[in-house]
Amino acid sequence: MTLVSEPRATTRPATAFRAPGPFDPAHGHEQVVYCNDQVTGLRAIIAIHSTALGPALGGTRFFPYPTEEDALADVLRLSRGMTYKNALAGLDLGGGKAVIIGDPDRDKSEALLRAYGRFVESLGGRYVTACDVGTYVPDMDVIHRETSHVVGRSAEHGGSGDSSVLTAVGVHTAMRACAEHVWGQASLRGRTVGIAGVGKVGRQLAGHLLADGAQVVVTDVNERAVAAVRDAHPEVEVVPDTDTLVRSPIDVYAPCALGGALDRATVEALAARVVCGSANNQLADDGEGGIGERMVERGIVYAPDYLVNSGGVIQVYDELEGFDLDRARHRVEGLFAATLAVLSRAEEQGITPDRAAGHLAEERIATVGSNRPYLPRH
Ligand code: NAD
């Protein structure tokens, strides 16, 4: 089904925001909605890629895109990624994403977020929003004043709070599965793990790894982040930069900073046998230019980022049932079996883990999913 919604009527006629041109049919999105609110200046795009497995869930990115075309390209790409991520995590969720065009520091206001919340509400639950780059838990609480179709709220508002808690648990769980696959031992005991980026996820991951008996080496461009992890865990070793970390004699490399961590030079220099970290979009070539294949050739086991970092979406998904930390944690522990399944499939079929993960997600959508779009029951 391919359908581009007309912009919803706002209190005043929309003028500044152009209607979308035809989008890349290869993405096959179900619905793309342009949202304009002249009163608040809101300009947003909500993309629903698929609802075959359930409501399309994905965060709202608030970002100063140079052009509308850039914003559209990003939301189409990100929403498709959520379809795969949610399917692979075994959730009853389709994939969606939204972007708000603007500078969050300058343009974010209660009025604008509430106008956005009303657009989310207008989709009747086909799209459920959450935090992403430029949006935070308090923003979800504001959006919640207009719609129930928002997760990633604070505990005071029935949410689960900071999703980095179970994201870090999920990365550690997936890393234990990698250790089982490579070394036949479901633990990082006695291994050295290098973490690039010790922000919210990386810092908590360091704690889980130390408790598991690993040695931890970290690096971060932000001195305060390094100081915070040293305060919490004085036993971690610090190296000056990511380049040094990658060349160090580490067993596992955990990229937990920005995207594009695995480029050609990094993969050639990497000493680790396993790559498993939270950062999104780690393959600098998007999996198309052979970086995944090169890792296979070098005997490096790469655990696909969108599988490994799905603890956060599993955490916020649980809010739909009324958040229960134990239940959510139990679901996150399912990433152990999911990671093993991906790595075994890749090995059996002689394909990259990234491709194997994609096949497993598509199989779940084809077998478990509905062939009709999700329409909420009232
Ligand atoms: P964060 O902003 O709290 O931490 C990122 C850290 O990386 C910061 O301390 C930053 O200084 C550091 N950094 C930036 N550039 C660096 C570089 N070149 N070298 C070394 N360090 C660098 O973010 P986070 O919430 O910890 O998320 C980390 C990654 O995981 C991001 O890619 C994010 O998209 C992804 N992720 C996070 C979650 C979540 O729940 N927080 C869920 C899924 C994916």
Side-chain angles (χ1 to χ4, degrees), residues 57-63 74 77-78 81-82 84-86 88-89 91 95 97 104 130-137 139-140 151-153 159-175 194-208 216-232 236 238-248 250 253-263 265-266 275-284 303-319 328-329 332 335:
L57 188 144
T60 299
R61 184 162 292 193
F62 203 136
F63 190 78
D74 210 28
R77 181 179 64 83
L78 293 167
M82 288 307 298
Y84 281 78
K85 179 173 190 157
N86 291 339
L88 200 55
L91 304 176
K97 202 88 180 183
C131 300
D132 194 70
V133 175
T135 56
Y136 303 92
V137 170
D139 300 330
M140 297 305 118
V151 292
R153 308 186 306 265
S160 62
D162 178 4
S163 65
S164 67
V165 174
L166 289 190
T167 301
V169 171
V171 176
H172 178 226
T173 303
M175 205 183 282
I195 307 176
V198 278
K200 294 186 291 295
V201 178
R203 185 172 65 245
Q204 295 177 76
L205 176 62
H208 297 314
V216 175
V217 188
V218 306
T219 191
D220 196 297
V221 288
N222 184 332
E223 282 174 20
R224 276 179 303 164
V226 173
V229 77
R230 281 300 284 270
D231 281 350
V236 300
V238 179
V239 293
D241 51 43
T242 301
D243 201 39
T244 310
L245 183 74
V246 162
R247 293 168 193 278
S248 308
I250 52 176
Y253 174 43
C256 294
L258 307 178
L262 297 168
D263 57 18
T266 302
V275 178
C276 178
S278 74
N280 278 312
N281 305 317
Q282 288 172 29
L283 299 176
D305 47 14
Y306 68 97
L307 169 66
V308 163
N309 69 19
S310 59
V313 76
I314 296 173
Q315 175 176 322
V316 298
Y317 168 77
D318 199 83
E319 291 179 28
R329 182 185 285 271
V332 171
L335 291 179

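One-based numbering, in listed order, for ligands and for the atoms of each. On a predicted model such as this, the values are computed, not experimentally measured, just so you know. The first residue of the sequence shown is numbered 1, and numbering continues consecutively from there.
Here the side chains of Val169 and His208 are in contact, with some heavy-atom distance below 4.5 Å. Counting only heavy atoms from C-beta outward, the side chains of Gln315 and Val332 never approach each other to under 4.5 Å. Residues Arg153 and Val137 fail the side-chain proximity criterion, which asks for heavy atoms closer than 4.5 Å. Side-chain contact check for Tyr253 versus Leu245: some heavy-atom pair is nearer than 4.5 Å.
Ala257 O, 3.3 Å is the protein heavy atom nearest to atom 29 (C) of ligand 1. Looking only at protein heavy atoms, the nearest one to atom 37 (C) of ligand 1 is Val201 CG2, 4.0 Å. Counting only heavy atoms of the protein, atom 34 (O) of ligand 1 lies nearest to Asn280 ND2, 2.9 Å. Atom 36 (N) of ligand 1 has as its closest protein heavy atom Ser278 O, 3.7 Å. Summary of contacts: the protein heavy atom closest to atom 14 (C) of ligand 1 is Val221 CG2, 3.8 Å. Looking from atom 4 (O) of ligand 1 to the surrounding protein, the closest heavy atom is Gly199 CA, 3.2 Å. Annotation: atom 28 (C) of ligand 1 to nearest protein heavy atom, Cys256 O, 3.2 Å. Scanning the protein heavy atoms around atom 2 (O) of ligand 1, the nearest turns out to be Lys200 NZ, 4.2 Å.
In the vicinity of Gly197, heavy-atom distances shorter than 4.0 Å reach the ligand 1 atoms 7 (O), 21 (N). Those atoms of ligand 1 that come under 4.0 Å of a heavy atom in Thr242, given as number and element, are 19 (N), 20 (C). Annotation for ligand 1: atoms under 4.0 Å from non-hydrogen atoms of Ala225 are 9 (O). Heavy-atom contacts of Ala279 reach the following atoms of ligand 1: 29 (C), 30 (O), 32 (O) (cutoff under 4.0 Å).
A salt bridge does not link Asp162 to Lys200: none of the charged side-chain nitrogens sits closer than 4.0 Å to a carboxylate oxygen.
Ligand 1 has a nitrogen or oxygen under 3.5 angstrom from a nitrogen or oxygen of Ser163. Residue contacts with ligand 1: Thr167 is placed with a nitrogen or oxygen under 3.5 Å of a nitrogen or oxygen of the ligand (distance criterion only).
A side-chain donor from one of Glu319 and Ser160 sits under 3.5 Å from a side-chain acceptor of the other. Side chains of Asn281 and Asp305: no donor on one and acceptor on the other come within 3.5 Å. Looking only at atom types and distance, the side chain of Gln204 has a donor-acceptor partner in the side chain of Ser164 under 3.5 Å away. Under 3.5 Å, the side chains of Thr266 and Asp263 contain a donor-acceptor pair of N or O atoms.
Evaluated by nearest non-hydrogen atom to atom 9 (O) of ligand 1, the leading choice among Asp220, Leu166, Val308, Asn222 is Asp220.
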### Query
Are Leu57 and Val151 close enough, and set up right, to give a side-chain contact (heavy atoms from CB on, under 4.5 Å), and what steps lead you there?
CA-CA 9 Å; Leu57 188 144; Val151 292; 3.8 Å; yes
